[in-house]
Amino acid sequence: MSNIDALKKEIVETVKAANDINSLEEVRVSALGKKGKVTGLMAGLGQMTPDQRKEMGQALNRLKDEITAEIEARANTLKSAALNERLQKEKVDVTLSPRPQAKGTIHPISQTIEEMTVIFADMGFSVAEGPEIEDDFHNFTALNFPPGHPARQMHDTFYFPDVAGKTGLDAKRLLRTHTSTVQVHVMQTQKPPIRVIIPGRTYRSDYDMTHTPMFHQMEGLLIDKTAHMGHLKGCLIEFCRRFFEVDDLKARFRPSFFPFTEPSAEMDIGCSRAGGELKIGEGNDWLEILGCGMVHPNVLKSCGIDPNEYQGFAFGMGIERVAMLKYGIPDLRTFFESDLRWLKHYGFGPMEQPNPALS
Ligand code: DAH
């Protein structure tokens with residue numbers, strides 16, 4: 001056997017022994033690479049006589065072609081073996097029925113609560129919750145509504161039958177008419193400084209384009225020794241600017257009345273109603289957005305907090321209302337109709353960030 005045949009046999013054996021693409025590449029380099037065995041022999045052609053060179057040159061070229069073909073064949077075998085192995089591993093059961101595409105969306109109320117919470121959390125507020133079934137004390141008395149106060153009727157309250165064995169206001173149980181009840185729970189159980197927001201369901205017997213018997217409110221309460229009306233205004237203006245994503249949103253505070261705050265105010269934000277279309281942050285019109293005020297000393301007293309030492313502010317707003325304004329939802333009732341087309345249109349993807357532009 002000539003040297004060339006011996007070399008071919010040796011190289012072909014190593015090609016066949018290569019078990020993966022990487023070792024095959026090593027074999028190729030050791031034969032045909034710059035410093036490879038075949039390449040080395042070719043470099044020797046220069047020293048040969050023309051006849052020898054011709055014969056040897058042809059033989060070496062043939063060797064090179066044969067080895068290249070062997071390597072290619074081996075590479076194909078290895079690739080299809082790897083593919084088969086993958087196909088074996090990655091089985092798909094074609095008899096399984098297909099999974100329906102996820103249809104769920106985040107309800108605009110959940111999304112809005114999340115967005116509001118993110119903004120208030122940045123200002124140091126934490127979330128508090130309380131019961132939806134309340135007694136008279138938490139819904140009215142502790143919040144400075146005197147017995148017989150017209151607000152008790154004005155609220156169109158859903159009352160339960162009187163509690164057996166109790167009389168008068170003590171016997172009353174009701175669905176809370178506002179989240180202000182949770183102010184009372186928080187002040188009864190936490191020591192100031194207090195900084196909470198309270199999202200939750202509230203109930204009033206009312207039903208039209210702008211009223212549903214159940215709706216949501218976001219309450220806020222801050223109690224410390226120095227908080228004043230300036231802090232209240234700064235906090236709420238900052239909130240509205242971030243929530244509606246209008247940096248220079250105009251705001252004004254009008255005197256108002258709530259039994260549980262003194263002074264009380266309603267906050268308006270700037271808007272335009274040109275052409276019947278509401279645009280927040282534009283024009284010279286005003287839109288009422290929330291109620292607020294400094295917590296009444298009687299409320300602090302009812303909750304066991306000394307009004308000579310502590311003071312603070314509170315606010316409350318309708319969550320559906322701000323969601324309708326932000327997302328252009330025209331009818332409040334549609335929030336609770338569970339119409340899948342509505343949910344698909346106004347709902348949010350599970351991965352959507354609250355207030356992406358601002359966080
Ligand atoms: N509880 C009021 C309502 O349901 C809203 C409200 C107004 C809450 C002023 C407050 C406040 O905390 O300070 O209409």
Side-chain angles (χ1 to χ4, degrees), residues 116 120 123 125 127-132 134 136-145 149-158 174-188 190 192 194-206 210-224 227-237 239-240 251-269 287-300 302-303 305 307 310-322 332:
M116 298 169 96
F120 283 117
M123 296 190 226
F125 287 81
V127 174
E129 285 180 330
E132 290 173 27
E134 270 299 0
D136 171 88
F137 178 77
H138 287 88
N139 202 82
F140 294 121
T141 303
L143 291 166
N144 202 34
F145 292 79
H149 189 284
R152 291 177 193 251
Q153 278 87 54
M154 235 168 63
H155 272 150
D156 298 317
T157 311
F158 286 113
L174 50 94
L175 290 174
R176 69 181 177 196
T177 59
H178 50 185
T179 43
S180 306
T181 53
V182 188
Q183 286 192 29
V184 180
H185 287 287
V186 169
M187 285 191 276
Q188 283 177 324
Q190 292 183 26
I194 290 170
R195 213 182 267 205
V196 289
I197 48 164
I198 304 143
R201 293 194 187 99
T202 50
Y203 302 84
R204 292 179 203 175
S205 178
D206 221 342
T210 51
H211 298 90
T212 49
M214 189 281 290
F215 59 102
H216 296 77
Q217 286 189 334
M218 178 69 82
E219 189 85 12
L221 175 71
L222 184 146
I223 305 288
D224 63 17
H228 55 65
M229 203 73 187
H231 296 132
L232 164 63
K233 288 169 75 176
C235 167
L236 293 174
I237 291 172
F239 165 75
C240 287
R252 71 175 185 189
F253 290 80
R254 274 180 296 104
S256 183
F257 176 79
F258 301 102
F260 35 90
T261 45
E262 181 58 36
S264 302
E266 273 167 329
M267 180 183 180
D268 297 338
I269 53 174
L287 177 74
E288 185 197 320
I289 195 85
L290 55 82
C292 58
M294 301 304 295
V295 178
H296 197 295
N298 288 349
V299 175
L300 295 171
S302 298
C303 302
I305 291 180
Y310 292 104
Q311 58 193 37
F313 63 76
F315 55 87
M317 68 190 106
I319 295 176
E320 284 81 1
R321 180 167 162 75
V322 294
L332 172 67

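Computation of the quantities below employed the complete heavy-atom set of this structure, encompassing side-chain atoms and omitting hydrogens, waters and symmetry-equivalent molecules. Residue numbers count from 1 along this sequence. Ligands are counted one by one from 1 in listed order, and the atoms in each one are counted from 1 as well.
Among the atoms of T177, none of the N or O lies under 3.5 angstrom from an N or O of ligand 1. When only interatomic distances are considered, the shortest N/O to N/O separation between A314 and ligand 1 falls below 3.5 Å. Residue-to-ligand polar distances keep T261 apart from ligand 1: every N/O pair is separated by 3.5 Å or more.
Every atom of ligand 1 with a heavy atom of Q183 under 4.0 Å away is listed here by number and element: 12 (O). The atoms of ligand 1 that sit less than 4.0 Å from any heavy atom of S180 are 1 (N), 8 (C). Applying the 4.0 Å criterion to heavy atoms of G293 picks out, from ligand 1, the atoms 13 (O).
Considering only residues two or more places apart in sequence or on other chains, F313 meets the ring pair (Phe, Tyr, Trp, His ring centres under 6.0 Å) condition with none of them.
Under 3.5 Å, the side chains of T177 and N139 contain a donor-acceptor pair of N or O atoms.
Residue E129 places its CD atom among 12 or fewer non-hydrogen atoms of other residues, nucleotides or ligands, all under 6.0 Å distant.
Under a 4.0 Å heavy-atom criterion, Q217 is in contact with ligand 1. Ligand 1 lies nowhere less than 4.0 angstrom from a heavy atom belonging to F313. Proximity of H296 to ligand 1 is not established, as no heavy-atom distance is less than 4.0 Å.
Of all non-hydrogen atoms in L290 and G316, the two that sit nearest each other are CB-O, 3.4 Å.
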Verdict with supporting geometry, M267 and M317, side-chain contact (heavy atoms from CB on, under 4.5 Å): CA-CA 10 Å; M267 180 183 180; M317 68 190 106; over 6 Å; no
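Counting heavy atoms under 4.0 Å from ligand 1, residue E266 does not touch it at all.
Between F315 and F125, the two ring planes are perpendicular [angle over 60°; tilted spans 30° to 60°]. The aromatic rings of F257 and H149 sit parallel, their planes meeting at an angle under 30°, below the 60° perpendicular limit.
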